[in-house]
Participant: 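Dumping the structure here so I can ask a few things about it.
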Amino acid sequence: MALSLLRCPLQSRNLFGQWRVRAGSQVSARMKPLVTLVPAGTRGVDFYTLTGEAPTIEQGIGALLTVRRDHVLAELQDLDRVRRLPRSAWAVAETGGDARRQLADSAQATYQALVEPYWTRIQAHLAAEQAWRSRILLRQGAARLLVTLQSQRIRWHPPVLEVLLSSDADIYLCGRGLRLVPSLFVGETPTLLNDLSDESAAPLLIFPATHDLTDGSHLWTAARPPGTALAA
């Protein structure tokens with residue numbers, strides 16, 4: 001998602017400008033396999049739902065290496081309908097193949113360049129975002145929580161949550177629930193993900209975690225070492 005935000009012409013260039021300058025200079029040839037699967041202006045192949053949650057990047061990369069071939073093919077086909085992928089891209093579907101290993105290495109390199117230097121501060125911001133919304137859910141209920149999501153692209157019109165996306169569809173939850181995922185690298189545009197391999201899984205609404213956030217400059221600049229001011 002960080003790579004998508006960096007390369008998307010539809011996102012505001014003012015959003016996280018400091019991060020864009022730093023991250024843009026870090027894009028390398030090692031990232032090419034992942035870049036190929038994230039065409040500019042798209043979210044790219046949905047590896048988010050394919051790999052599932054993981055507490056560490058290493059476990060996430062491990063999950064990427066073992067995703068089933070038919071599941072990867074389904075996601076490749078889904079993106080290919082929107083933006084034609086090169087023939088070479090389809091090789092990543094083969095579990096255990098060189099292309100999959102190169103993709104895993106590319107994902108690792110992209111994480112190290114675009115996310116890892118800032119992850120501690122990003123994680124703290126996301127934890128605060130989750131805590132704030134969890135308190136609302138606990139004290140005021142789900143309807144009030146959905147109200148807090150409202151923006152130019154999300155509207156809560158009970159009993160329907162409207163999300164402005166590039167495609168037009170009605171999604172009936174039928175008891176599955178809806179998972180709300182705050183994210184910085186989703187940018188200003190929310191995204192809704194469905195697990196193509198599990199129709200019973202709750203859809204994921206990934207929304208901008210921009211509550212109480214201005215330009216986000218504090219996320220990209222490390223604080224001065226403790227004691228520096230006192231020493232001065």
Side-chain angles (χ1 to χ4, degrees), residues 1-24 38-49 51-53 57 60 79 82 110-111 114-138 140-158 160-169 171 173 177-195 202-221:
M1 297 190 79
L3 187 60
S4 173
L5 177 63
L6 186 64
R7 304 179 71 238
C8 182
L10 303 179
Q11 299 274 11
S12 170
R13 308 309 295 176
N14 295 323
L15 182 66
F16 305 151
Q18 193 175 51
W19 172 79
R20 285 177 179 276
V21 172
R22 293 185 181 184
V38 186
T42 74
R43 297 291 186 197
V45 176
D46 178 14
F47 288 111
Y48 322 118
T49 52
T51 57
E53 294 184 21
I57 183 64
L79 177 61
V82 178
T110 304
Y111 168 78
L114 306 188
V115 179
E116 187 176 33
Y118 322 104
W119 181 240
T120 299
R121 297 185 292 279
I122 291 172
Q123 198 170 33
H125 176 79
L126 294 177
E129 179 88 12
Q130 289 175 318
W132 173 64
R133 295 188 190 275
S134 294
R135 286 195 297 271
I136 293 174
L137 177 63
L138 178 64
Q140 301 179 56
R144 178 58 189 168
L145 174 62
L146 294 175
V147 169
T148 69
L149 299 179
Q150 292 197 126
S151 64
Q152 291 184 337
R153 293 179 176 270
I154 301 177
R155 286 289 185 270
W156 170 234
H157 291 154
V160 178
L161 185 67
E162 298 177 352
V163 184
L164 181 60
L165 301 172
S166 58
S167 57
D168 186 17
I171 297 177
L173 299 180
L178 178 67
R179 299 187 65 191
L180 304 177
V181 183
S183 169
L184 285 174
F185 292 123
V186 77
E188 298 171 322
T189 308
T191 188
L192 187 64
L193 302 178
N194 281 290
D195 189 343
L204 271 65
L205 175 59
I206 304 179
F207 63 92
T210 54
H211 171 68
D212 198 26
L213 184 68
T214 51
D215 62 352
S217 58
H218 67 287
L219 297 173
W220 324 121
T221 305

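The figures that follow rest on heavy atoms only: side chains count, while hydrogens, waters and symmetry mates do not. Please read all numbers here as calculations on a predicted model, not as lab measurements.
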Participant: I would like to know whether Asp195 and Leu204 meet side chain to side chain contact (heavy atoms under 4.5 Å, CB included); could you show each step before the answer?
Facilitator: CA-CA 9 Å; Asp195 189 343; Leu204 271 65; over 6 Å; no

Participant: Does any non-hydrogen side-chain atom of Arg133 lie less than 4.5 Å from one of Thr148?
Facilitator: yes

Participant: How long is the span from the CG atom in Leu178 to the CG atom in Leu146, to the nearest 0.5 Å?
Facilitator: 7.5 Å

Participant: In the structure I gave you, are the side-chain heavy atoms of Phe207 and Glu129 within less than 4.5 Å of one another anywhere?
Facilitator: yes

Participant: Where is the tightest heavy-atom contact between Pro182 and Leu126, given as atom of each residue plus distance?
Facilitator: O-CD2, 3.8 Å

Participant: I'd like to check Leu138 versus Arg135 (side-chain heavy atoms, cut-off strictly below 4.5 Å). Are they in contact?
Facilitator: no

Participant: Taking only distance into account, with no hydrogens and no angle test, what donor-acceptor pairs under 3.5 Å do side-chain atoms of residues 38-47 form with protein atoms, sequence neighbours excluded?
Facilitator:
| residue | atom | partner | partner atom | Å |
| --- | --- | --- | --- | --- |
| Thr42 | OG1 | Pro39 | O | 2.8 |
| Thr42 | OG1 | Gly44 | N | 3.1 |
| Arg43 | NH1 | Val186 | O | 3.2 |
| Arg43 | NH2 | Val186 | O | 3.3 |
| Arg43 | NH2 | Thr189 | O | 2.3 |
| Asp46 | OD1 | Tyr48 | N | 3.1 |
| Asp46 | OD1 | Thr49 | N | 3.2 |
| Asp46 | OD1 | Thr49 | OG1 | 3.4 |
| Asp46 | OD2 | Thr49 | OG1 | 2.6 |

Participant: Kindly indicate whether the side chain of Pro203, heavy atoms from C-beta on, has any atom under 4.5 Å from the side chain of Arg179.
Facilitator: no

Participant: Nearest 0.5 Å, what's the CD-CZ distance between Glu188 and Arg153?
Facilitator: 8.0 Å

Participant: Take Val147 and Ile136 through the side chain to side chain contact (heavy atoms under 4.5 Å, CB included) test and state the conclusion after the steps.
Facilitator: CA-CA 10 Å; Val147 169; Ile136 293 174; over 6 Å; no

Participant: Do Glu162 and His157 have side chains that approach each other closer than 4.5 Å (heavy atoms only, starting at C-beta)?
Facilitator: yes

Participant: Report the distance from atom CZ of Arg20 to atom CG of Leu114, rounding to the nearest 0.5 Å.
Facilitator: 11.5 Å

Participant: Are the side chains of Trp132 and Ser134 in contact, using a 4.5 Å heavy-atom criterion?
Facilitator: no

Participant: What residues form a side chain to side chain donor-acceptor pair (under 3.5 Å) with Gln18, not counting sequence neighbours?
Facilitator: Thr221

Participant: Using modelled atom types only, decide if a donor and an acceptor are shared between the side chain of Arg121 and the backbone of Leu219 within a distance under 3.5 Å.
Facilitator: yes

Participant: Can you confirm whether Pro208 sits close enough to Ser183 that some side-chain heavy atom of one is under 4.5 Å from a side-chain heavy atom of the other?
Facilitator: no

Participant: Which heavy-atom pair separates Leu184 from His125 by the least distance, and what is that distance?
Facilitator: CD2-CD2, 3.9 Å

Participant: Using the ring of each side chain (for Trp, its six-membered ring), is Trp19 parallel, tilted or perpendicular to Phe185, with breaks at 30° and 60°?
Facilitator: tilted

Participant: Would a 4.5 Å heavy-atom cut-off, applied to side chains only, mark Val181 and Leu205 as touching?
Facilitator: no

Participant: To the nearest 0.5 Å, how far apart are CG in Leu192 and CG in Leu165?
Facilitator: 6.0 Å

Participant: For the pair Leu15 and Leu5, evaluate side chain to side chain contact (heavy atoms under 4.5 Å, CB included) and give the outcome as yes or no after the intermediate values.
Facilitator: CA-CA 9 Å; Leu15 182 66; Leu5 177 63; 4.2 Å; yes

